[in-house]
Amino acid sequence: MTLSIGNVTIDCQNPADQLAGFYSRLLGHPVDPDANEHYATVGRSSGMTPPLMFMHVPDKAPGKNVIHLDLVTPQWREEVERAVELGARHLADYDEYGINWATLADPEGNLFDIGAHD
């Protein structure tokens, strides 16, 4: 038996309007048409693998695992700046083991990285 990723799921307060819209613009894939106040996905209809799924959770449980996305691009500095323009907060840059990346927080404070990739 083989497992594969079906979604990357993020608990949030405002799935359709805030986070799905943010990641849709960041990744260049649409918010899927069935988005509502409880659930939204990005990239399922456009074939992005894996798609992102956002689930409404009014109060994030203390100690619950936080989802962390690693995004890569040859134009990492430009993409970090674009993410900030879209509403992310740039927290720090790193250069370790020959890899450059930046850690950011999305509009609800979820952390993600954008790394350099040739």
Side-chain angles (χ1 to χ4, degrees):
M1 180 183 251
T2 302
L3 296 174
S4 60
I5 298 172
N7 299 289
V8 174
T9 304
I10 300 171
D11 293 345
C12 59
Q13 295 176 359
N14 191 343
D17 295 332
Q18 190 171 20
L19 282 190
F22 170 81
Y23 281 104
S24 171
R25 292 185 304 273
L26 182 66
L27 298 172
H29 285 269
V31 175
D32 296 311
D34 57 352
N36 59 53
E37 69 273 12
H38 303 288
Y39 162 89
T41 57
V42 170
R44 186 177 307 285
S45 63
S46 63
M48 184 176 82
T49 304
L52 303 181
M53 181 170 62
F54 303 91
M55 299 294 296
H56 178 257
V57 175
D59 296 314
K60 293 181 182 180
K64 186 174 180 184
N65 290 340
V66 177
I67 298 298
H68 170 118
L69 300 176
D70 287 327
L71 308 173
V72 294
T73 177
Q75 298 85 24
W76 77 280
R77 179 56 55 204
E78 292 87 350
E79 291 298 330
V80 168
E81 292 170 5
R82 190 170 73 86
V84 170
E85 290 171 6
L86 291 171
R89 285 182 296 123
H90 182 195
L91 302 177
D93 289 329
Y94 298 92
D95 180 359
E96 295 180 1
Y97 312 109
I99 301 170
N100 293 304
W101 77 92
T103 297
L104 299 99
D106 70 22
E108 287 195 6
N110 300 299
L111 301 181
F112 68 99
D113 295 332
I114 297 178
H117 184 283
D118 296 332

Output, in order, the C-alpha distance, side-chain angles, deciding distance and verdict of side-chain contact (heavy atoms from CB on, under 4.5 Å) for Asp106 and Leu26.
CA-CA 10 Å; Asp106 70 22; Leu26 182 66; over 6 Å; no

Run the side-chain contact (heavy atoms from CB on, under 4.5 Å) test on Ile114 and His90 for me, step by step, so that the C-alpha distance in whole Å, both residues' side-chain angles and the decisive distance to 0.1 Å come before the verdict.
CA-CA 10 Å; Ile114 297 178; His90 182 195; over 6 Å; no

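In the hydrophobic clustering of ILVMFWY residues, with side-chain heavy atoms under 4.5 Å counting as a link, Met53 and Phe22 come out apart. Transitive grouping of hydrophobic side chains (ILVMFWY, heavy atoms separated by less than 4.5 Å) brings Leu86 and Val84 into a common cluster.
Taking Thr103 as the reference, Asp113 meet the side chain to side chain donor-acceptor pair (under 3.5 Å) condition, with sequence neighbours excluded. Partners of Trp76 by ring-ring contact (aromatic ring centres under 6.0 Å, His included), not counting sequence neighbours: none found.
Here the shortest heavy-atom pairing between Ala40 and Ala20 reads CB-CB, 3.8 Å. What you find for Ala88 and Phe112 is that their closest heavy atoms are CB-CZ, 4.1 Å. Residue Met48 comes nearest to Val42 through the heavy atom pair CE-O, 3.3 Å, listed as atom of the first residue, atom of the second, then distance. Taking each heavy atom of Cys12 and Pro15 in turn, the nearest pair found is SG-CA, 3.6 Å.
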Sequence neighbours left out, cut at 3.5 Å: what donor-acceptor pairs do the side chains of residues 28-39 make with other protein atoms?
residue, atom, partner, partner atom, Å
His29, ND1, Ser46, OG, 2.6
Asp32, OD1, Ser45, N, 2.8
Asp32, OD1, Ser45, OG, 2.6
Asp32, OD2, Thr41, OG1, 2.5
Asp32, OD2, Arg44, N, 3.0
Asn36, OD1, His38, N, 2.7
Asn36, OD1, Tyr39, N, 3.0

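Between Trp101 and Tyr94, the ring planes are parallel. Angles under 30° get that label, and only those over 60° would be called perpendicular.
A heavy-atom distance below 4.5 Å is not found between the side chains of Asn7 and Pro50.
Between Glu85 and Arg82 there is no salt bridge, since none of the side-chain N atoms of the basic residue sits less than 4.0 Å from a carboxylate O of the acidic one.
Looking at Glu108, its side chain does come within 3.5 Å of a backbone N or O of Gln13 through a donor-acceptor pair.
Applying the side chain to side chain contact (heavy atoms under 4.5 Å, CB included) test between Leu69 and each of Leu104, Leu27, Leu52 identifies Leu52 as the sole match.
With rounding to the nearest 0.5 angstrom, the CZ atom of Phe54 is 9.0 Å from the CG atom of Asn110.
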